[in-house]
Undergrad: 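Quick one: the structure is below, questions incoming.
In what follows, chains carry the letters A, B, and so on, assigned in the order in which the sequence lines appear, proteins first and then strands, with residues in each chain numbered from 1.
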There are 2 protein chains.
Amino acid sequence: MPVEFTIGVFAAEAGVTVETIRFYQRKGLIREPSRALGGIRRYDASDIARVRFVKAAQNLGFSLDEIASLLRLEDGAHCDEARVVAEEKLAGVRVRLADLRRIETVLGMLVDECCALAGHVRCPLISALQNQQGDLAEFRFSIGGHRS
Amino acid sequence: MPVEFTIGVFAAEAGVTVETIRFYQRKGLIREPSRALGGIRRYDASDIARVRFVKAAQNLGFSLDEIASLLRLEDGAHCDEARVVAEEKLAGVRVRLADLRRIETVLGMLVDECCALAGHVRCPLISALQNQQGDLAEFRFSIGGHRS
DNA sequence: CTTAACTCCGTACTTGAGTACGGAGTCAAG
DNA sequence: CTTGACTCCGTACTCAAGTACGGAGTTAAG
C-alpha cells in the first residue's frame with residue numbers, strides 16, 4: 001500500500017510547482033494518476049522518481065520531447081535506441097562546447113585588449129566588433145551561424 | 001555620395017532577411033534610414049557594418065538587448081563600460097562551459113556503459129537517469145538548476 | 001457551518017529572436 | 001499603362017518550458 005500525495009505535496013516533494021506537474025501531465029511525461037472521489041489526483045513515490053528522471057535528463061541537456069522519447073524506451077529492451085539518442089545529444093554537446101571555447105577565446109582577447117589600450121581613441125572591443133576584416137572575422141566564420 | 005540600397009538588397013547584402021531588418025529597426029538596433037519620396041527606405045554601407053556588428057556580437061553570445069546597450073557606448077568614450085559588459089558575458093560563458101563539460105562527462109559515461117553492458121537486463125543509461133542516488137545524483141547537484 | 005487552504009480546469013501570458021501574412025502602395029520594364 | 005516585383009505597415013504567429021489567472025468545486029479544521 002503505497003503512500004499517496006496530493007498534487008501540492010507531490011510537487012513540493014519533487015521540487016517543482018503544481019503547474020509544472022499539470023504541464024508534464026499534458027505533455028505525457030508523467031502518467032495520468034488515479035483520482036480520489038472528488039476528482040483530486042493521487043500520486044505515489046514512483047511518480048516522484050519519474051519527475052526526478054525528467055529533471056535529471058533535463059540537466060543533461062535533453063529537451064522535454066527527447067525525454068518523452070527516452071521514456072518510451074523505458075523497459076530496457078531498446079537500450080541501443082536510447083544509446084543512439086544519448087550519442088546524438090553528446091555530439092550536440094560537443095559542438096556547443098567547441099563554440100563556447102571559441103567564444104571564450106575571442107571574448108577574452110577583446111577584454112584584454114580593452115584593458116591594455118584603455119584611454120585609446122576608440123574602444124578596441126567595439127571597433128573589433130565593427131571591423132568586418134579584423135581578427136574577429138575569422139572567428140565569425142569559424143563560429144558559424146548556428147544558434148544554440 | 002554613398003551607394004544606396006533598398007531594403008531587399010540591403011538585407012541580402014547583410015545576410016539576413018527583410019523582416020529581420022524591420023525587426024532590428026523596431027528594436028532600435030539600426031538607425032531609422034532616410035526614405036525616398038515613395039517612403040521606401042534607403043540604406044548605405046554603414047548600415048551593413050551595423051548589421052554585421054550585431055551578428056558578430058550575437059555570435060559571441062550577446063543578446064539583442066545587450067547589443068543595443070553596447071551600441072549606446074559606441075563612441076569609445078565609455079570603453080570601460082563596454083569592457084564591464086564583456087567581462088560579465090565572459091564570466092557567463094565560462095559558467096556555461098563548466099556546465100557543458102560536466103554534462104559531456106556524464107553523458108559520455110552513460111553512453112560508454114550502455115555500449116559495454118549491451119544486453120543487460122536494464123538499460124544502464126535509463127536506469128542511471130532513474131536512480132536518484134546513482135553517480136548521476138552528485139552530478140545533478142553540481143550541475144545545478146540554472147537554465148542557459 | 002463556515003472559513004481557509006487546496007484542487008480542479010481551460011485559457012492566456014511570458015521571453016527571445018525572429019517569421020509569416022495580407023492588403024495597399026510604389027517602381028521599373030515593356 | 002499595365003504587369004510583376006518589390007516595399008510599406010501592423011498584427012499575429014512560432015518554439016520551449018513553463019507561469020499566471022480566475023472561477024468553481026473540495027476538503028479539513030475549528
Undergrad: Can a side chain N or O of B:Y24 be found less than 4.0 Å away from OP1 or OP2 on C:dA17?
TA: no

Undergrad: Counting side-chain heavy atoms from C-beta on, which of C:dG18, D:dC8, D:dG18 comes nearest to A:K55?
TA: D:dG18

Undergrad: For a quick check, with a 4.0 angstrom heavy-atom cut-off, what is the B/S/- contact string for nucleotides 20-30 of chain C, read 5' to 3'?
TA: BB----SS---

Undergrad: Could you check how far CD of A:E32 sits from C1' of C:dT7, rounded to whole Å?
TA: 14 Å

Undergrad: Tell me the interatomic distance from B:F23, atom CZ, to D:dC9, atom P, rounded to whole angstroms.
TA: 16 Å

Undergrad: Please report, rounded to the nearest Å, how far the P atom of D:dA17 is from the CD atom of A:Q58.
TA: 7 Å

Undergrad: Got a sec, which residues hit salt bridge (Lys or Arg N to Asp or Glu O under 4.0 Å) with B:R42, two or more places apart in sequence or on another chain?
TA: B:E4

Undergrad: Using only side-chain N and O atoms of B:T17, determine if any of them is under 4.0 Å from OP1 or OP2 of C:dG18.
TA: no

Undergrad: Measuring to OP1 and OP2 of D:dT19, would you say a side-chain N or O of A:T20 lies under 4.0 angstrom away?
TA: yes

Undergrad: In whole angstrom, give the distance that lies between atom CZ of B:F5 and atom C1' of D:dT7.
TA: 17 Å

Undergrad: Who pairs with A:D65 by side chain to side chain contact (heavy atoms under 4.5 Å, CB included), at least two apart in sequence or on another chain?
TA: A:K27, A:S63

Undergrad: Measure CD/A:E66 against C1'/D:dA17 and give the value in whole Å, please.
TA: 14 Å

Undergrad: Taking only side-chain N and O atoms of B:S63, does any of them lie within less than 4.0 angstrom of OP1 or OP2 on C:dG16?
TA: no

Undergrad: Between the side chains of A:R102 and A:D99, is the shortest nitrogen-to-carboxylate-oxygen separation below 4.0 Å, so that they form an ion pair?
TA: yes

Undergrad: In whole Å, what is the span from the CG atom of B:L29 to the P atom of C:dA17?
TA: 9 Å

Undergrad: Just to verify, what does B:R35 make a salt bridge (Lys or Arg N to Asp or Glu O under 4.0 Å) with, not counting sequence neighbours?
TA: B:E32

Undergrad: Measuring from the side chain of B:R35 (C-beta onward, heavy atoms only), which nucleotide among D:dC8, C:dG18, C:dT7 has the closest atom?
TA: D:dC8

Undergrad: Once you round it to whole Å, what is the distance between P of C:dC8 and CD1 of A:I21?
TA: 11 Å

Undergrad: Does B:T17 have any side chain to side chain donor-acceptor pair (under 3.5 Å) partners at least two apart in sequence or in another chain, and if so, which?
TA: B:T20

Undergrad: So, is B:Q25 near the phosphate of D:dG10, with a side-chain N or O under 4.0 Å from OP1 or OP2?
TA: no

Undergrad: Separation of A:E13 atom CD from C:dC6 atom P, in whole Å?
TA: 15 Å

Undergrad: Sequence neighbours left out, what passes salt bridge (Lys or Arg N to Asp or Glu O under 4.0 Å) with A:R50? Give chain and number order.
TA: A:E74

Undergrad: OP1 or OP2 of D:dC8 sitting under 4.0 Å from any side-chain N/O of B:R41?
TA: yes

